[in-house]
J.: 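This is the structure, below, for whatever I ask next.
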Protein chains: 2
Amino acid sequence: MFLSTSHNKIDLKCRVSIPASFRMNLERLKEPLILFKSLQFPCIEGTTLTRMQRYINAIDELDALSDDAFLLRMMMADSFEIKFDINGRVVIPDILMSFASLTNKAVFMGIGESFYIWSPSEYENQYNKSQKILNEKGPPKLILKKNE
Amino acid sequence: MFLSTSHNKIDLKCRVSIPASFRMNLERLKEPLILFKSLQFPCIEGTTLTRMQRYINAIDELDALSDDAFLLRMMMADSFEIKFDINGRVVIPDILMSFASLTNKAVFMGIGESFYIWSPSEYENQYNKSQKILNEKGPPKLILKKNE
DNA sequence: TTGACTACCATAAAATCCCATGTTATCCCA
DNA sequence: TGGGATAACATGGGATTTTATGGTAGTCAA
């Protein structure tokens, strides 16, 4: 599971350390890391290859001419399998750097099955937005299921 | 798995480098590369021989005398098994060059089981189209599903 | 013999690997 | 519980390898 938030530096080669806990999660699962453009936010989403594989398999199940299939294909095109260097760093592809408006700092935000990489300013925007919703509408109703 | 997008140059001999990650995918699978006319778009589709076989089998499922079967056979007739040179380049057949309106640049777009080769301007069209659909209709429903 | 195709060589640019270092977190014992 | 020792982590920089791409020589067929 990807949990917690941390701020890391992006160097001139677009390298950034993935938080150790995220790396350990991937190692434990023996999963390669995939980075891709979030479909909902101006940020990068990180997840496992297996999870990405499920999207790919789903394409064949859909009507090949449908909008959904089209969007999923475009999503694959903006996905990258990422390798770690010996110190646990990755290089963020240019396409993703500019999509998420990243320059020299990245905010890593674990959200369970995957994680987001935000630019600090966008992260702040989203954070403020969430606080505002919380103040106006109160906490969301949650129904917790037991683990099977 | 074919993922990510990259822009490569096509030289005067119609040679072009296949992105290294795509080549490695083919090598890992020990699969030859097949290039053919996309059935949906004005672009070239690249895939493995095994997957091409599945397309062909699908044609056999259709009414052999139908217009659909006829069209599919005509498209499949312009399929080529492609060899790499020592540097990972291929020669794009003339028929495919003109079908996809390729001149001196190619955009390689990985979509999981296969990949597309676009002319830069057509690629841009498709990308813009996808952004428009995304804005109007939101992300594909599938994305919102939880892993089991 | 010419033209097209193929195989191979050369090179610049880019990506990757790995060592070094300061900083933070963790451990362990007094 | 405090504080020093130790390990883990984040980050900088340089060496090395890979990649993309231009070019040339050899081969085969018309």
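Chain letters run A, B, ... following the sequence lines, proteins first, then strands; residues in each count from 1.
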J.: Search all heavy atoms of A:Cys43 against all heavy atoms of A:Ala100 and return the closest pair with its distance.
T.: CA-CB, 3.9 Å
J.: Taking all atoms of both residues into account, what is the closest heavy-atom pair of A:Asp94 and A:Cys14, and its distance?
T.: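 Where A:Asp94 meets A:Cys14 most closely, the heavy atoms are OD1-SG, 4.3 Å.
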J.: Anything under 4.0 Å to a heavy atom of chain B counts; send over the first and last such nucleotide of DNA chain C, read 5' to 3'.
T.: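 First and last nucleotides in contact are C:dT6 to C:dA10.
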J.: Which side-chain hydrogen bond (donor to acceptor under 3.5 Å, both in side chains) pairs, counting each pair once, include a residue from residues 17-27 of chain A, with sequence neighbours left out?
T.: A:Asn25-A:Arg28
J.: Tell me, which of residues 93-112 of chain B have any heavy atom that sits under 4.0 Å from an atom in DNA chain D?
T.: none
J.: Under 4.5 Å between side-chain heavy atoms, chaining through other members, with only Ile, Leu, Val, Met, Phe, Trp and Tyr counted: pull out the rest of the cluster around A:Leu65, sorted by chain and number.
T.: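 Its cluster mates, by chain and number: none.
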J.: I need the full list of salt bridge (charged side-chain N to carboxylate O under 4.0 Å, His left out) pairs touching residues 102-111 of chain A, with sequence neighbours left out, sorted by first then second residue.
T.: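 Output for this query is empty, none listed.
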J.: For the residue pair B:Tyr123 and B:Tyr116, establish whether any side-chain heavy-atom pair is separated by less than 4.5 Å.
T.: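 Side chain of B:Tyr123 against side chain of B:Tyr116, heavy atoms only: no contact under 4.5 Å found.
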J.: Report yes or no: does B:Thr47 contribute a side-chain atom to a donor-acceptor pair with the main-chain N or O of B:Met52 at less than 3.5 Å?
T.: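 Such a contact is absent between B:Thr47 side chain and B:Met52 backbone.
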J.: May I have all residue pairs that pass side-chain hydrogen bond (donor to acceptor under 3.5 Å, both in side chains) and include part of residues 52-73 of chain B, sequence neighbours excluded?
T.: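 Qualifying pairs, neighbours excluded: B:Glu45-B:Tyr55.
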J.: Could you name each residue pair satisfying side-chain hydrogen bond (donor to acceptor under 3.5 Å, both in side chains) that touches residues 84-93 of chain A, not counting sequence neighbours?
T.: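 side-chain hydrogen bond (donor to acceptor under 3.5 Å, both in side chains) check on residues 84-93 of chain A returns A:Asp85-A:Arg89.
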J.: Could you check B:Pro19 against A:Ile18 and say which one's nearest nucleotide on DNA chain D is further toward the 5' end?
T.: A:Ile18
J.: Between A:Arg23 and D:dA8, does any side-chain N or O lie under 4.0 Å from OP1 or OP2?
T.: no
J.: To which residues is A:Phe22 joined in a hydrophobic cluster, defined by side-chain heavy-atom contacts under 4.5 Å among Ile, Leu, Val, Met, Phe, Trp and Tyr, whether direct or through other members?
T.: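 Once heavy-atom contacts under 4.5 Å are chained together, A:Phe22 belongs with A:Phe2, A:Ile10, A:Val16, A:Ile18, A:Leu26, A:Leu33, A:Leu35, A:Ile44, A:Phe80, A:Ile82, A:Phe84, A:Val90, A:Ile92, A:Ile95, A:Leu96, A:Met97, A:Leu102, A:Phe108, A:Phe115, A:Ile117.
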J.: Hey, what else clusters with B:Ile86 if you join Ile, Leu, Val, Met, Phe, Trp, Tyr whenever side-chain heavy atoms sit under 4.5 Å?
T.: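 None; B:Ile86 is a cluster of one.
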J.: Which heavy-atom pair separates B:Gly112 from A:Met76 by the least distance, and what is that distance?
T.: N-CB, 4.2 Å
J.: Under 3.5 Å, which protein N or O atoms sit close to an N or O of nucleotides 11-17 of chain D? Give each pair with its distance.
T.:
{"unit_1": "D:dT11", "atom_1": "OP1", "unit_2": "A:Lys9", "atom_2": "N", "d": "3.4"}
{"unit_1": "D:dT11", "atom_1": "OP2", "unit_2": "A:Lys9", "atom_2": "N", "d": "3.2"}
{"unit_1": "D:dT11", "atom_1": "O4", "unit_2": "A:Asn87", "atom_2": "ND2", "d": "2.9"}
{"unit_1": "D:dG12", "atom_1": "OP1", "unit_2": "A:Lys9", "atom_2": "NZ", "d": "2.4"}
{"unit_1": "D:dG12", "atom_1": "N7", "unit_2": "A:Arg89", "atom_2": "NH1", "d": "2.9"}
{"unit_1": "D:dG12", "atom_1": "O6", "unit_2": "A:Arg89", "atom_2": "NH2", "d": "2.8"}
{"unit_1": "D:dG13", "atom_1": "N7", "unit_2": "A:Arg15", "atom_2": "NH2", "d": "3.0"}
{"unit_1": "D:dG13", "atom_1": "O6", "unit_2": "A:Arg15", "atom_2": "NH1", "d": "2.4"}
{"unit_1": "D:dG13", "atom_1": "O6", "unit_2": "A:Arg15", "atom_2": "NH2", "d": "3.3"}
{"unit_1": "D:dG14", "atom_1": "O6", "unit_2": "A:Lys13", "atom_2": "NZ", "d": "2.1"}

J.: Can you pull out how bent the helix from C:dT1-D:dA30 to C:dA30-D:dT1 is, comparing the axes over its first five and last five pairs, to 10°?
T.: 30°
J.: What's the CZ-C1' distance between B:Phe22 and D:dT19, to the nearest Å?
T.: 14 Å
J.: Please list, one pair per line, the donor and acceptor atoms closer than 3.5 Å that link side chains of residues 126-137 of chain A to other protein atoms, with sequence neighbours excluded.
T.:
{"unit_1": "A:Asn128", "atom_1": "ND2", "unit_2": "A:Glu124", "atom_2": "O", "d": "3.3"}
{"unit_1": "A:Ser130", "atom_1": "OG", "unit_2": "A:Tyr127", "atom_2": "O", "d": "2.6"}
{"unit_1": "A:Asn135", "atom_1": "ND2", "unit_2": "A:Gln131", "atom_2": "O", "d": "3.3"}

